[in-house]
Each structure stands twice: as C-alpha cells, then as structure tokens.
Amino acid sequence: MKYKIFGEREIKNIPWQDRPEGCRDVIWRYDSNPIIERDIIPCSNSVFNSAAVPFRDGFAGVFRVDTKARDMELHVGFSKDGINWDINENRIVFETDSEEMAEFIYGYDPRVVFIEDRYYLTWCNGYKSKPTIGIAYTFDFNTFHQLENAFLPFNRNGVLFPRRIDGNYAMLSRPSDDGHTPFGDIYYSESPDMTFWGKHRHVMSPSKNWESTKIGAGPVPIETSEGWLLFYHGVLTSCNGFVYSFSAALLDRDKPWKPVKRAGDYLISPQKLYECVGDVPNVTFPCANIVDAATGRIAIYYGCADTCTGLCFTTVDDVLDYLFENSQI
C-alpha cells in the first residue's frame, strides 16, 4: 500500500471482488448486483441508500426501507459476509429523553459510524414534517437512543467524521429546502457534545456538469496519510430529471472544510439497468464504505434508482492516485 490509513481495523472478511480483467475504472461494480432486492422483507417496496459497518464477527447496518404504504423507515440488518443480509421486518423505535423527539414522522438515508465507544446513527429525520439531521447512538444495534436533532430544518446528508477534530465531534451536511432541492453545497460543523453545533464552514459547491445542480456527502470520510478521503454524490438536471452520480475528494486532515484534491469526473454514474430503472430512475447514491486497513480495500454500498442496494469496490491507492493525477483543484 502506498498510502497509510488511520483509525480503521483489519477486516479479513470484507466483502470483495477483484477488478475485472481489462477494467480500467477506479471503482468497479459487484457482478451480482443488486445485493439487496427491493422486496427482501414482506413490508418493503424498496431498500436503498443504507449504511453498513463492521460489527462483532460480521456486519451490521441500518437500512432505508420504503414500505408498501410508502412510509420511509429505518430498519436494522445483520450479515456475516456483508453481501447477504437479514433485515428486521420492524422499524427502529428510538428511545429518547425528550418528548419533542419521540414522534417518528419519517427517516431516510442513514449513515453509521463508530466513535470512541459506540455507534452513532445519523439520518434525514422528519421533524414536524420538515427534514433535518437526526442523531442516535447504539451499542448493540438493538437499542437506539435518540439525541437532539443536529440542525434546524432544512438539512440533509448529515455525515459524521469517525473521530473528533480538535476535541469536537465533526459533521458534514447539506442545507436544503422542503422539496426535491434544486441546489446544495457541502458544509462542515462541529460540536463539543453532539447537541450544540457550530463553527460552520463551507466545504464545496457544485463545479462540473455532472454535479451542476447539487452535491452532498456520501459515506463516512476515511482518514489517510494524505487527508480525509470523501466519496460524495453530485446531481445533474437533465431534460428527463435528476441524474445522481458519485465521485471523490480529499479534505485537509486538520481543517476538513478545506478540499485538497477533487475529481473532475464522476467515478460511478447510472449505467446499469438496476441503476437506471426503478422508482426514481438514474440514481447511484453512496451511503457507506467499509475499509480494510491491512490491504486498503474499500467496499462501497450505494442506492440504485431509489429501489435496491448495490455494492462496488476500489482501493485507497486507486482513488488517491486518481485524485493526485486528475484533480481539478
């Protein structure tokens, strides 16, 4: 490995498939996608835009499940290999000390990260039917304790860093509106206690045509010797609607609101049938990455056409080499 990874452990059973012969892509798809079909549990209309992390001797995840009533819910799932998942049929019911937080209206697009001694869950939370960033923690993926919402509405794509920055928790987010937002930049915020958030900093705006409408943070940033490796999604408005692709950027290790390198091209875009056809066509939306510190392998989970869940692969060396050779910064 050319680049060092910090804060990640060795994961010998990381889901993985070698790069196909003749493939020159930085990121390549699992050849048996989608790994989670839309009807994996009886209540599900679709399962997509979901989070997965190493847990005990396997993996745990929080999954966006849109039900047959078209309610947007969060469900827990477990897997031995990170590919075949057993997803609970009932949604997460949060414990909370605040009556204001007790009402569940909707939840979607979760991210999960281990920080210090517990797993933190962030998601787009419906507060009085308005989207903001919900936060909860769990030790066992059985009981979830909900904290205060991070921000006022309207906000989406809240993604925590896996460690504190200068003693504070840190999060990326994308301020938005109450609909299918036609704009969006990535911002950075800090908190001493996971309750009060401030020190807001601008990170990135849309730049190239493939991301000209809006951008948003994807999976949890990966700390490397060169900086924080961030996969992020970008949206193009075509004559037939939004097109969601994703790419990568490198953020400064000490000041993560400062981009160091940024790809000019997308690395994955909707091209396969399961990415182009579904409830919302033309969507590839990454929400989780699992990293093996020993090999630098990265498995990325992404939502496909707001319908099912796909898996793709790369390595830290592959992505960072690409960024250093092709950065628009």
Side-chain angles (χ1 to χ4, degrees), residues 1-33 35 51-61 79-83 111-115 119 159-163 165 170 172 217-233 245-254 256 259-268 284 286-302 309-327 329:
M1 258 171 56
K2 182 186 298 186
Y3 306 103
K4 186 175 181 180
I5 301 171
F6 300 97
E8 301 287 349
R9 66 182 186 180
E10 182 179 2
I11 305 173
K12 294 183 178 179
N13 61 336
I14 186 173
W16 184 255
Q17 190 171 69
D18 288 335
R19 184 196 303 273
E21 185 176 354
C23 174
R24 297 192 298 173
D25 296 331
V26 178
I27 300 175
W28 57 96
R29 295 168 175 84
Y30 183 51
D31 66 9
S32 295
N33 274 343
I35 61 166
V53 291
F55 179 67
R56 295 176 179 165
D57 61 347
F59 304 90
S79 174
K80 291 292 186 182
D81 60 8
I83 296 174
R111 278 77 162 183
V112 176
V113 60
F114 185 79
I115 306 176
Y119 298 88
V159 181
L160 288 165
F161 284 75
R163 68 165 175 84
I165 307 294
L172 300 172
V220 173
I222 302 166
E223 188 175 10
T224 76
S225 53
E226 311 307 307
W228 294 97
L229 174 58
L230 173 71
F231 296 104
Y232 72 97
H233 67 265
S245 306
F246 66 92
S247 194
L250 191 65
L251 309 179
D252 187 89
R253 279 187 70 197
D254 300 318
V260 177
K261 301 290 180 182
R262 181 178 177 182
D265 298 339
Y266 63 70
L267 297 179
I268 289 279
T284 52
C287 274
N289 42 220
I290 294 175
V291 183
D292 175 32
T295 61
R297 291 176 171 178
I298 304 173
I300 304 171
Y301 294 82
Y302 68 106
T309 303
L311 183 63
C312 57
F313 308 101
T314 187
T315 70
V316 168
D317 284 357
D318 284 326
V319 180
L320 291 185
D321 278 348
Y322 177 84
L323 286 173
F324 279 105
E325 293 169 7
N326 298 280
S327 177
I329 297 177

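This chain uses plain numbering: 1 for the first residue, then up along the sequence.
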Is it true that a side-chain atom of [X] and a backbone atom of [Y] form a donor plus acceptor pair closer than 3.5 Å?
X: Arg111; Y: Ala288; answer: no
X: Ser225; Y: Tyr3; answer: no
X: Ser247; Y: Asp265; answer: yes
X: Trp228; Y: Ala249; answer: no

Solution key, residues 289-297 side-chain donor-acceptor pairs under 3.5 Å, sequence neighbours excluded:
residue, atom, partner, partner atom, Å
Asn289, ND2, Val220, O, 3.2
Asp292, OD1, Ile11, N, 2.8
Asp292, OD1, Ala294, N, 3.4
Asp292, OD2, Thr295, N, 3.4
Asp292, OD2, Thr295, OG1, 2.6
Thr295, OG1, Arg297, N, 3.3

Between atom [atom1] of [X] and atom [atom2] of [Y], what is the distance when rounded to the nearest 0.5 Å?
X: Ile298; Y: Thr315; atom1: CD1; atom2: OG1; result: 6.5 Å
X: Thr309; Y: Leu311; atom1: OG1; atom2: CG; result: 10.0 Å
X: Cys287; Y: Phe231; atom1: SG; atom2: CZ; result: 13.5 Å

| said: Between Thr224 and Leu320, does the side-chain contact (heavy atoms from CB on, under 4.5 Å) criterion hold? Intermediate values first, please. | reply: CA-CA 9 Å; Thr224 76; Leu320 291 185; 3.9 Å; yes
Shortest non-hydrogen contact from [X] toward [Y]:
X: Tyr232; Y: Ala217; value: CB-CA, 4.2 Å
X: Arg9; Y: Phe55; value: NH2-N, 3.8 Å
X: Leu323; Y: Ala248; value: CD2-O, 3.5 Å
X: Cys312; Y: Ile27; value: SG-CG2, 3.5 Å
X: Phe161; Y: Leu172; value: CE1-CG, 3.6 Å
X: Leu230; Y: Pro219; value: CD1-O, 3.8 Å

| said: Checking Val113 against Val53 for the side-chain contact (heavy atoms from CB on, under 4.5 Å) test, could you report, in this order, the C-alpha distance in whole Å, the side-chain angles of both residues, the deciding distance, and whether it holds? | reply: CA-CA 7 Å; Val113 60; Val53 291; 6.0 Å; no
Do the non-hydrogen side-chain atoms of [X] and [Y] ever get within less than 4.5 Å of each other?
X: Val159; Y: Pro221; answer: yes
X: Lys12; Y: Ile14; answer: no
X: Leu229; Y: Val319; answer: yes
X: Glu226; Y: Leu250; answer: yes
X: Leu251; Y: Lys261; answer: no
X: Ile268; Y: Ser245; answer: no
X: Phe59; Y: Ile83; answer: no
X: Asn326; Y: Phe324; answer: no

| message | Run the side-chain contact (heavy atoms from CB on, under 4.5 Å) test against Phe114 and tell me which residues pass, sequence neighbours left out. | response | Tyr119
| field | Of Trp16, Tyr301, Tyr302, the residue whose pairing with Phe313 passes ring-ring contact (aromatic ring centres under 6.0 Å, His included) | value | Trp16
| query | Are more than 12 heavy atoms from other residues, nucleotides or ligands located less than 6.0 Å from atom OH of Tyr266? | reply | no
| Does anything in residues 314-324 pair up under salt bridge (Lys or Arg N to Asp or Glu O under 4.0 Å), and if so which pairs, sequence neighbours excluded? |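 Of all non-adjacent pairs touching residues 314-324, those that pass salt bridge (Lys or Arg N to Asp or Glu O under 4.0 Å) are Lys2-Asp321, Arg19-Asp318.
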